[in-house]
Student: 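Structure in structure tokens, see below.
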Amino acid sequence: MADESMERRLAALEERVSRLEAEPQTQRDEVFWALEGLRRRLTGPGQVLFTGALNLPTGERYEWQQGAETDRLLAADWPEGAASLAALGHPVRLTLLRAVLSGTRSAAELQEAAGLHTTGQLYHHLKQLTATGWLQAEGRGHYQVPAGKVVPLLIVLSAVVPTSNRTTGE
């Protein structure tokens, strides 16, 4: 009887040790689930992928995915993206974009949200955002972030705004 109990305890202990030894890969797969899926699909020298599924405070839902092969991305004309990145490089413009994603859409509301004193200041910033596609006019004096720019905007911001959900790989 004591031998059976000892054998059961030993078997249970061996099973626990086995699970612990397997855990690091399981944890890695859980943390890097998107990366592991990308690796299984890779056919060339490399690829970057960004994706998102979200509900905005306005109730709008967006799902989006884009990938780029590394060799094509490295060979692309990077300066073509300078104006789009520059448009995001001003605190007032980022404030405007956040306000629009939160549901503030009219020019008057945006002017107040950004703390701007003149409509000239507001329209200067709105012009930069609309010219580069981060915003689009939606009727008289109302603005929205185009559907195809919502997730990319949040991805750019997630790369530069400190958060506690950063994960690094190899």
Side-chain angles (χ1 to χ4, degrees), residues 28 30-39 41-42 44-170:
R28 178 179 165 75
E30 289 175 14
V31 171
F32 293 105
W33 57 271
L35 177 59
E36 295 303 325
L38 176 62
R39 280 190 181 146
R41 294 175 182 263
L42 282 178
Q47 186 174 10
V48 294
L49 173 69
F50 49 101
T51 185
L54 59 113
N55 294 320
L56 291 178
T58 59
E60 297 160 304
R61 174 142 182 91
Y62 295 93
E63 293 182 348
W64 197 84
Q65 173 178 304
Q66 180 176 333
E69 293 175 357
T70 308
D71 52 354
R72 287 186 183 176
L73 186 57
L74 291 173
D77 186 8
W78 289 14
E80 277 189 25
S84 188
L85 290 172
L88 298 178
H90 196 286
V92 169
R93 293 183 202 132
L94 292 174
T95 299
L96 292 171
L97 287 166
R98 182 172 50 192
V100 169
L101 289 178
S102 296
T104 302
R105 304 288 169 91
S106 76
E109 293 170 323
L110 290 171
Q111 182 175 343
E112 184 179 328
L116 298 173
H117 301 293
T118 69
T119 55
Q121 290 173 314
L122 173 67
Y123 286 106
H124 166 76
H125 293 294
L126 290 175
K127 181 180 177 183
Q128 294 296 315
L129 292 170
T130 56
T132 55
W134 291 112
L135 274 182
Q136 69 183 26
E138 175 189 74
R140 292 177 36 137
H142 285 75
Y143 294 87
Q144 69 178 15
V145 175
K149 291 287 193 175
V150 172
V151 174
L153 172 62
L154 295 176
I155 289 168
V156 168
L157 291 169
S158 72
V160 297
V161 174
T163 67
S164 60
N165 294 338
R166 299 231 185 247
T167 308
T168 58
E170 303 166 1

Student: Can you confirm whether Leu157 sits close enough to Leu88 that some side-chain heavy atom of one is under 4.5 Å from a side-chain heavy atom of the other?
Tutor: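 Sidechains of Leu88 and Leu157: no contact.
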
Student: Restricting to non-hydrogen atoms, name the atom on Gly133 and the atom on Pro146 that form the minimum distance, rounded to 0.1 Å.
Tutor: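 Taking Gly133 first and Pro146 second, the nearest heavy atoms are O-CG, 3.5 Å.
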
Student: Take Leu54 and Val150 through the side chain to side chain contact (heavy atoms under 4.5 Å, CB included) test and state the conclusion after the steps.
Tutor: CA-CA 9 Å; Leu54 59 113; Val150 172; 4.1 Å; yes

Student: Restricting to pairs with a member in residues 87-103, which pass side chain to side chain donor-acceptor pair (under 3.5 Å), not counting sequence neighbours?
Tutor: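 Of all non-adjacent pairs touching residues 87-103, those that pass side chain to side chain donor-acceptor pair (under 3.5 Å) are Arg93-His125.
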
Student: List the residues meeting salt bridge (Lys or Arg N to Asp or Glu O under 4.0 Å) with Glu60, not counting sequence neighbours, and say none if there are none.
Tutor: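 For Glu60, the residues satisfying salt bridge (Lys or Arg N to Asp or Glu O under 4.0 Å) (neighbours in sequence not counted) are Arg105.
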
Student: Run the side-chain contact (heavy atoms from CB on, under 4.5 Å) test against Thr70 and tell me which residues pass, sequence neighbours left out.
Tutor: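 Thr70 satisfies side-chain contact (heavy atoms from CB on, under 4.5 Å) with Leu74 only.
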
Student: Measuring from atom CD of Glu138 to atom OH of Tyr143, what distance do you get when rounded to the nearest 0.5 angstrom?
Tutor: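 Reported value, rounded in 0.5 Å steps: 11.0 Å.
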
Student: For the atom pair CG (Leu49) and CD (Gln65), what is the distance rounded to the nearest 0.5 Å?
Tutor: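 Going from the CG atom of Leu49 to the CD atom of Gln65 covers 5.0 Å.
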
Student: Quick one: list whatever passes side-chain contact (heavy atoms from CB on, under 4.5 Å) with Glu80, sequence neighbours left out.
Tutor: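 Glu80: side-chain contact (heavy atoms from CB on, under 4.5 Å) contacts with Asp77.
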
Student: Under the rule for side-chain hydrogen bond (donor to acceptor under 3.5 Å, both in side chains), what residues qualify as partners of Thr132, not counting sequence neighbours?
Tutor: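 Applying side-chain hydrogen bond (donor to acceptor under 3.5 Å, both in side chains) to Thr132 gives none.
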
Student: Measuring from Thr104:OG1 to Leu96:CG, what's the distance to the nearest 0.5 Å?
Tutor: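 Spacing of OG1 (Thr104) from CG (Leu96) equals 10.0 Å.
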
Student: Between atom CG of Leu101 and atom CD of Gln144, what is the distance when rounded to the nearest 0.5 Å?
Tutor: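 So the CG of Leu101 and the CD of Gln144 are separated by 10.5 Å.
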
Student: Under the ring pair (Phe, Tyr, Trp, His ring centres under 6.0 Å) definition, can you give me all pairs with a residue in residues 46-83, not counting sequence neighbours?
Tutor: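 Of all non-adjacent pairs touching residues 46-83, those that pass ring pair (Phe, Tyr, Trp, His ring centres under 6.0 Å) are Phe50-Trp64.
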
Student: Taking side-chain contact (heavy atoms from CB on, under 4.5 Å) as the test, write out the residues that go with Val48, two or more places apart.
Tutor: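 With sequence neighbours excluded, Val48 shows a side-chain contact (heavy atoms from CB on, under 4.5 Å) to Ala68, Leu73, given in chain and number order.
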
Student: Counting C-beta onward and ignoring hydrogens, is there a side-chain heavy-atom pair between Leu129 and Val100 closer than 4.5 Å?
Tutor: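 Heavy-atom side-chain distance check fails, nothing below 4.5 Å.
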
Student: From Leu135 CG over to Leu110 CG, what is the distance, rounded to the nearest 0.5 angstrom?
Tutor: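 So the CG of Leu135 and the CG of Leu110 are separated by 8.0 Å.
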
Student: Sequence neighbours left out, what passes side-chain contact (heavy atoms from CB on, under 4.5 Å) with Ser106? Give chain and number order.
Tutor: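 Scan of Ser106 (side-chain contact (heavy atoms from CB on, under 4.5 Å), adjacent residues dropped) gives Ala108, Glu109, His142.
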
Student: Give every residue pair that meets the salt bridge (Lys or Arg N to Asp or Glu O under 4.0 Å) criterion with at least one member in residues 65-76, sequence neighbours excluded.
Tutor: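 Those involving residues 65-76 are Glu69-Arg72.
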
Student: If you count every heavy atom of other residues, nucleotides or ligands that lies below 6.0 Å from Glu112 atom CD, does the total exceed 12?
Tutor: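 Atom CD in Glu112 is not crowded, with 12 or fewer foreign heavy atoms closer than 6.0 Å.
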
Student: Under the 3.5 angstrom rule, does the side chain of Trp134 hit a backbone N or O of Ser84 as a donor-acceptor pair?
Tutor: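 Present.
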
Student: Distance from Gln111 atom CD to Leu126 atom CG, nearest 0.5 Å?
Tutor: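 One gets 9.5 Å once the value is rounded to the nearest 0.5 Å.
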
Student: Could you list the residues that satisfy side-chain hydrogen bond (donor to acceptor under 3.5 Å, both in side chains) with Glu63, not counting sequence neighbours?
Tutor: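 Scan of Glu63 (side-chain hydrogen bond (donor to acceptor under 3.5 Å, both in side chains), adjacent residues dropped) gives Arg61.
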
Student: Go through the structure and list residues passing ring pair (Phe, Tyr, Trp, His ring centres under 6.0 Å) with His124, not counting sequence neighbours.
Tutor: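 His124 satisfies ring pair (Phe, Tyr, Trp, His ring centres under 6.0 Å) with no residue once adjacent residues are dropped.
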
